[in-house]
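In this chain, numbering begins with 1 at the start of the sequence shown.
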Amino acid sequence: MPFAEDRSSEAEKGGPVTQKDIVRYLLEHDRSVVTSLFARADRVRSRFVGSGVHLRGLIEFSNYCCQDCLYCGLRRSNRRVKRYRMLYAQIFDVCRQAKALGIKTIVLQSGEDRRYRVRDLCGLVTDIKKLGLAVTLSIGELSYAQYRQLRLAGADRYLLRFETSDPKLYASLRPGRTLAQRLRCLSWLHKLGYETGSGMMTGLPGQTAGSIADDICLFGKLDLDMIGIGPFIPHPHTPLAKARPGSLELVLKAIALTRIMTSDTNIPATTAAGTIDPRGREKALRCGANVLMPNMTPPPYRRLYEIYPDKVCINEGEFSRGAYLARMIRRIGRTISSDYGYRKGDR
Ligand code: SAM
Ligand code: SF4
């Protein structure tokens, strides 16, 4: 059924879109409707967050994990992974290089690796802050007290995807974990004053259009600052090895609808979108995304942080203004943002 453009005059401004509308868009095959959805999301992006693309330098500092998520190549049951931990001095060195390249935010990401003591991570965060960089953490579920310590040490942002808003699907994909606890963690992060990011995967086995629409509605309710959406990509050494990967079309629709729903959030063009399609990130930037995450993990480790196979960043060189991602940004008529890219303006 055709979607009346004017029906979404609300959405044109950014703002509420109904769950039913979202489902219809997710299932829509008519090219002209999908093209106009993407164009609308691009206009909302332009109006609310402008043409700048924020760069967040990603350091994947440990691939040890005590969790056993069925979808992830780093799950603890995957004995084939060669595990590594970066030393603080190595991580700090990469931060210095990132700063020299003009990057303003460092994202420290890892599996849930209990070997790093929170007290030591706090010291690292404080040292990185002294370089004048914003620090985003993406290290999984911790206690309220631990999130608080890291916040007091200077961490600015935290990424914790809820992965799927369907509690049954969540429990089946993350053994021993609950959606309720994930959402509790997000509310703690919010309360502690972190810029809070969440997100989900599209194309998970057992996921429906209705469930993705619920995810997008939940983004709207959670008042998030950052929202990461990527396609599920099966890893050969996980129980989901034989599952089908998520499609680019579905992830682009989810990004576009999320932009329309949330207006001014920071939305990355994810590496996973770039992995399933060589132009995936560029297409995501054209339908709502405004962030790129150049991978700064040193090459020997980058290959070992294999949450899914053939990550597109494996062979991308160090980020520099002349490099691939910068050319992509220029090619689509956008600019590299020179500010810190906080959702509510620089602090
Ligand atoms: N361990 C932390 C956590 O789970 O929040 C942070 C690192 S984890 C590798 C970062 C994200 O990778 C997850 O939130 C999940 O959405 C994504 N991911 C894991 N396995 C994936 C897969 N097979 N395909 C696509 N994305 C995946
Ligand atoms: Fe560990 Fe995160 Fe992978 Fe789950 S998604 S196995 S928590 S690294």
State whether the side chain of [X] and the backbone N or O of [Y] hold a donor-acceptor pair below 3.5 Å, judged by distance alone.
{"X": "Glu195", "Y": "Met226", "answer": "no"}
{"X": "Asp113", "Y": "Tyr64", "answer": "no"}
{"X": "Tyr147", "Y": "Cys185", "answer": "no"}
{"X": "Gln146", "Y": "Ser143", "answer": "yes"}
{"X": "Arg161", "Y": "Gly199", "answer": "no"}
{"X": "Thr265", "Y": "Ile267", "answer": "no"}
{"X": "Arg45", "Y": "Gly288", "answer": "no"}
{"X": "Arg157", "Y": "Leu137", "answer": "no"}
{"X": "Ser51", "Y": "Thr335", "answer": "no"}

Could you tell me which non-hydrogen atom of [X] sits nearest to which non-hydrogen atom of [Y], and how far apart they are?
{"X": "Met293", "Y": "Pro268", "result": "SD-CB, 4.2 Å"}
{"X": "Pro205", "Y": "Ala243", "result": "CG-CB, 3.7 Å"}
{"X": "Ile336", "Y": "Ala326", "result": "CD1-CB, 4.0 Å"}
{"X": "Val94", "Y": "Pro298", "result": "CG2-CG, 3.9 Å"}
{"X": "Leu26", "Y": "Ala209", "result": "CD1-O, 3.5 Å"}
{"X": "Asp166", "Y": "Ser211", "result": "CB-OG, 4.1 Å"}

CA sep, side-chain torsions, deciding dist, call: Arg174, Leu179, side chain to side chain contact (heavy atoms under 4.5 Å, CB included): CA-CA 9 Å; Arg174 305 200 72 229; Leu179 177 63; over 6 Å; no

Hydrophobic clusters here meaning ILVMFWY residues chained together by side-chain heavy-atom distances under 4.5 Å, can you tell me if [X] and [Y] are in one?
{"X": "Ile59", "Y": "Leu304", "result": "yes"}
{"X": "Met201", "Y": "Leu240", "result": "yes"}
{"X": "Leu250", "Y": "Leu248", "result": "yes"}
{"X": "Leu186", "Y": "Val107", "result": "no"}
{"X": "Val135", "Y": "Leu58", "result": "no"}

Just by distance, no angles: are the side chains of [X] and [Y] close enough, under 3.5 Å, to form a donor-acceptor pair?
{"X": "Arg148", "Y": "Tyr144", "value": "no"}
{"X": "Glu112", "Y": "Gln67", "value": "yes"}
{"X": "Ser165", "Y": "Asp214", "value": "no"}
{"X": "His190", "Y": "Thr196", "value": "no"}
{"X": "Gln90", "Y": "Tyr301", "value": "yes"}
{"X": "Asn295", "Y": "Thr297", "value": "yes"}
{"X": "Asn266", "Y": "Asn290", "value": "yes"}
{"X": "Asn63", "Y": "Arg85", "value": "no"}
{"X": "Asp156", "Y": "Tyr342", "value": "yes"}

Salt-bridge contact [X]-[Y] (side-chain N to carboxylate O under 4.0 Å):
{"X": "Glu141", "Y": "Arg182", "answer": "yes"}
{"X": "Lys253", "Y": "Glu28", "answer": "no"}
{"X": "Arg334", "Y": "Glu282", "answer": "no"}
{"X": "Asp223", "Y": "Arg343", "answer": "yes"}
{"X": "Arg286", "Y": "Asp42", "answer": "no"}

Using a 4.5 Å cut-off on heavy atoms from C-beta on, say whether the side chain of [Y] contacts that of [X].
{"X": "Val291", "Y": "Val53", "answer": "no"}
{"X": "Leu121", "Y": "Tyr88", "answer": "yes"}
{"X": "Cys95", "Y": "Leu133", "answer": "yes"}
{"X": "Arg76", "Y": "Cys65", "answer": "no"}
{"X": "Ile128", "Y": "Leu108", "answer": "yes"}
{"X": "Val33", "Y": "Tyr25", "answer": "yes"}
{"X": "Val81", "Y": "Glu306", "answer": "no"}
{"X": "Leu159", "Y": "Ser198", "answer": "no"}

Can you tell which of Lys311, Gln109, Glu60 makes a side chain to side chain donor-acceptor pair (under 3.5 Å) with Tyr305?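 Only one option passes, and that is Gln109.
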
Look up atom [atom1] in [X] and atom [atom2] in [Y], then write down how far apart they are to the nearest 0.5 Å.
{"X": "Arg281", "Y": "Thr271", "atom1": "CZ", "atom2": "OG1", "answer": "5.5 Å"}
{"X": "Arg83", "Y": "Arg115", "atom1": "CZ", "atom2": "CZ", "answer": "12.5 Å"}
{"X": "Leu142", "Y": "Leu150", "atom1": "CG", "atom2": "CG", "answer": "6.5 Å"}
{"X": "Ile216", "Y": "Ile22", "atom1": "CD1", "atom2": "CD1", "answer": "5.0 Å"}
{"X": "Ser32", "Y": "Leu37", "atom1": "OG", "atom2": "CG", "answer": "11.5 Å"}
{"X": "Leu87", "Y": "Leu124", "atom1": "CG", "atom2": "CG", "answer": "11.0 Å"}

Please determine whether the number of non-hydrogen atoms from other residues, nucleotides or ligands lying under 6.0 Å from atom CZ of Arg114 exceeds 12.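 Yes, because the 6.0 Å sphere around CZ of Arg114 holds more than 12 heavy atoms from other groups.
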
Please lay out, stage by stage, how Gln207 and Ile212 fare under the test side chain to side chain contact (heavy atoms under 4.5 Å, CB included). CA-CA 7 Å; Gln207 191 183 42; Ile212 296 176; 3.6 Å; yes

Ring-ring centroid check [X] [Y], cutoff 6.0 Å:
{"X": "Phe162", "Y": "Phe219", "value": "yes"}
{"X": "Tyr116", "Y": "Phe61", "value": "yes"}
{"X": "Tyr71", "Y": "Phe232", "value": "no"}

Check the pair His54, Val49 against side chain to side chain contact (heavy atoms under 4.5 Å, CB included), reporting the backbone distance first and the verdict last. CA-CA 10 Å; His54 301 293; Val49 296; over 6 Å; no

Show the numbers, then the answer: is there a side chain to side chain contact (heavy atoms under 4.5 Å, CB included) between Lys99 and Arg96? CA-CA 5 Å; Lys99 163 125 180 143; Arg96 267 207 294 256; 5.6 Å; no

